[in-house]
Number of protein chains: 2
Amino acid sequence: MLASSTVENYLKAIHMGANGLRPGQRLLPMGQLAASLGVTPGTATTMAKTLADAGLAEYEPYAGVALTSQGERLAGLVLRRHRLVELFLVRVMGFGWDEVHDEAEHLEHVVSDRLIERIDEMLGHPEVDPHGDPIPNADGAIVTQPQDTLLTCPVGQPVVVTRVLDQNRAFLQFVETNQLKPGETIRVEGRDESADSVVVSGSSDRRLALGTRAASKLQVRAAG
Amino acid sequence: MLASSTVENYLKAIHMGANGLRPGQRLLPMGQLAASLGVTPGTATTMAKTLADAGLAEYEPYAGVALTSQGERLAGLVLRRHRLVELFLVRVMGFGWDEVHDEAEHLEHVVSDRLIERIDEMLGHPEVDPHGDPIPNADGAIVTQPQDTLLTCPVGQPVVVTRVLDQNRAFLQFVETNQLKPGETIRVEGRDESADSVVVSGSSDRRLALGTRAASKLQVRAAG
DNA sequence: CATATAGTTTTGAGCGGTCAAAAACAAGAA
DNA sequence: TTCTTGTTTTTGACCGCTCAAAACTATATG
Ligand SMILES: [Mn+2]
Ligand SMILES: [Mn+2]
Ligand SMILES: [Mn+2]
Ligand SMILES: [Mn+2]
């Protein structure tokens, strides 16, 4: 039952990397995995084999790596700890939503089951963390229905921000100062393909232009 | 600036081991250090040299190891994190005083300065942890005046338990069920050298005989 | 003083995780 | 089909931490 901090980080990276793959693509290329972990491709290859030997991943030479259901479960548990810790730090310890990621990155590997269930309870069994990321259940399972982003949602209709897909501090601060945090109601006023931009308005009627890169990081659902 | 979890554990072990040395003895023998860490003597020797090279310890072959003031400071910071975490788990998270040690043993290495200061603040800058162990300040300095134990305190006088010098769960539970936790007022009714025992009584007038081994683990101060 | 004993250091090795650089490969371009 | 390019794998090496077992003190005892 292999599970060092390093292994946990690889599992998380494979899980998250696989969610950024073009549809149809199942295996995460080693180069991508290596880049996301700040590690050499050769190192990632070695670890992919180790994970495969442990039954946590499926590794196909020159193609890439994917988690087995067992690996997926473990990754889910790490994510659960990470996200519950983030929410705990915000709600109980008074941290800002832009300063909890790094702390959680360390705590996720050492917090015991006992403590994490205590935190879960204290927070009232929350479903999402401060960034709107879903919190896996105690079995590591993640329930996640596909969502619109500011790029795909209907124009002119009010929508509620549900999730921010980028942990970068500067971006999170930008989102906060422009009242685009999860829970805020906004509206897409229009999109301009050639300008590569999306114009949104909030409650204060102030308009704001976002590049499509940024717009695609904000998930929303119909308001109401 | 060397400081892995392993190094932190060695620093703590040397610090604490040195506090159990017969007076006059300054250097902690490798065998003792190794035993307290559950490691081979050879391994401890290697690490002692590493610490010496880093300026954190002073190592004398065949004699033992002692912390430099820099090593003492780092050890103090680890102890500060450990003890603040323990108190936090008891006071905020509702854990029992007998179940926080192991959790703190892991958290002490990953909790950031920011988080630990937040915890310290939230707890009102406490001076001792749930076991009565003093909490070093933010510079790693420990203020600790010598204290009596049940073996050395005056007989017949009421005293207040201030500290329990053993983290063993069974012992902590024994202490709790017999109302000997820090804060409790008790009295030594008598000592019997040849029976190797100390008899104490609490508020409920019930008498309890402790072996000297156990009695020496309970620190007290004059009540009032 | 010689010797036995307990404690300590050294040596050689292994494991987990990593890198740099060389070799091998897949897939498209020519 | 052969070349070219970008990616991946392999190799050899290193660092941190550890152990087992052999070599070595220091000290006490006779
Ligand atoms: Mn995060
Ligand atoms: Mn998050
Ligand atoms: Mn403890
Ligand atoms: Mn304690």
Side-chain angles (χ1 to χ4, degrees), chain A residues 1-14 17-18 20-22 24-66 71 74 78 105-106 108-110, chain B residues 1-14 17-18 20-22 24-66 71 74 78 105-106 108-110:
Chain A
M1 198 90 322
L2 174 74
S4 63
S5 291
T6 306
V7 165
E8 292 187 342
N9 284 332
Y10 273 90
L11 293 176
K12 239 182 28 173
I14 296 171
L21 250 33
R22 50 185 127 283
Q25 193 86 341
R26 202 177 69 80
L27 296 168
L28 178 68
M30 302 318 289
Q32 241 158 288
L33 175 58
S36 81
L37 286 165
V39 111
T40 283
T43 303
T45 298
T46 304
M47 185 49 115
K49 288 179 183 168
T50 303
L51 295 177
D53 288 349
L56 300 175
E58 194 176 329
Y59 166 65
E60 195 176 321
Y62 294 101
V65 67
L74 282 192
V78 180
E105 208 56 56
H106 292 110
E108 65 186 2
H109 306 296
V110 301
Chain B
M1 198 88 324
L2 175 73
S4 63
S5 291
T6 307
V7 164
E8 292 188 340
N9 284 332
Y10 273 89
L11 293 176
K12 239 183 26 173
I14 296 171
L21 250 33
R22 49 186 129 282
Q25 193 86 340
R26 202 177 69 80
L27 295 168
L28 178 68
M30 303 316 289
Q32 243 158 288
L33 176 58
S36 80
L37 286 164
V39 111
T40 282
T43 303
T45 299
T46 304
M47 185 48 116
K49 288 179 184 169
T50 302
L51 295 177
D53 288 348
L56 299 176
E58 194 175 329
Y59 166 66
E60 195 176 323
Y62 293 100
V65 66
L74 281 192
V78 180
E105 208 57 56
H106 292 110
E108 65 186 1
H109 306 297
V110 299

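Nothing here was measured: the structure is a model prediction, and the numbers come from that model. Sequence lines set the chain letters: A, B, ... in the order given, protein chains first and strands last, and positions in each chain run from 1.
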Would you kindly give the OH-to-C1' distance between A:Tyr62 and C:dC25, to the nearest whole Å? 4 Å
I'd like to check B:Met47 versus B:Leu37 (side-chain heavy atoms, cut-off strictly below 4.5 Å). Are they in contact? no
Nearest non-hydrogen partners of A:Ala44 and A:Ala34, listed with the distance: CB-CB, 3.9 Å
4.5 Å side-chain heavy-atom contact, B:Leu33 and B:Val65: yes
Identify, with sequence neighbours excluded, every residue that meets side chain to side chain donor-acceptor pair (under 3.5 Å) alongside A:Glu105. A:Lys12, A:His101
A:Leu27 CG - D:dT7 P separation (whole Å): 17 Å
For B:Ser4, give me all partners under side chain to side chain contact (heavy atoms under 4.5 Å, CB included), at least two apart in sequence or on another chain. B:Thr6, B:Val7
Quick check: closest heavy atoms across B:Leu27 and B:Ala63, and the distance to 0.1 Å? CD1-CB, 3.7 Å
What string of B, S and - do you get for nucleotides 10-20 of chain C, 5' to 3', if B is base contact, S is sugar-phosphate-only contact and - is no contact with any protein heavy atom under 4.0 Å? B------SSB-
Contact list for residues 51-66 of chain A, test side-chain hydrogen bond (donor to acceptor under 3.5 Å, both in side chains), sequence neighbours left out: A:Arg26-A:Glu58
Specify the separation, in whole Å, of atom NE2 of B:His109 and atom C1' of D:dG16. 16 Å
Answer yes or no: is there a side-chain heavy-atom contact under 4.5 Å between B:Leu56 and B:Leu74? yes
Check the distance between C:dA6's C1' and B:Gln32's CD and give it to me in whole angstrom. 14 Å
Check the distance between C:dG7's C1' and B:Leu28's CG and give it to me in whole angstrom. 13 Å
If an axis is fit to five pairs at each end of the helix from C:dC1-D:dG30 to C:dA30-D:dT1, what is the angle between the two, to the nearest 10°? 30°
Who pairs with B:His109 by side chain to side chain donor-acceptor pair (under 3.5 Å), at least two apart in sequence or on another chain? B:Glu8, B:Asn9
Grab the CG-C1' distance between B:Leu51 and D:dG16 for me, whole Å please. 13 Å
In whole Å, what is the span from the CD atom of A:Gln25 to the C1' atom of D:dT7? 14 Å
Measure from CG on B:Asp53 to C1' on D:dC17 and round the result to the nearest Å. 16 Å
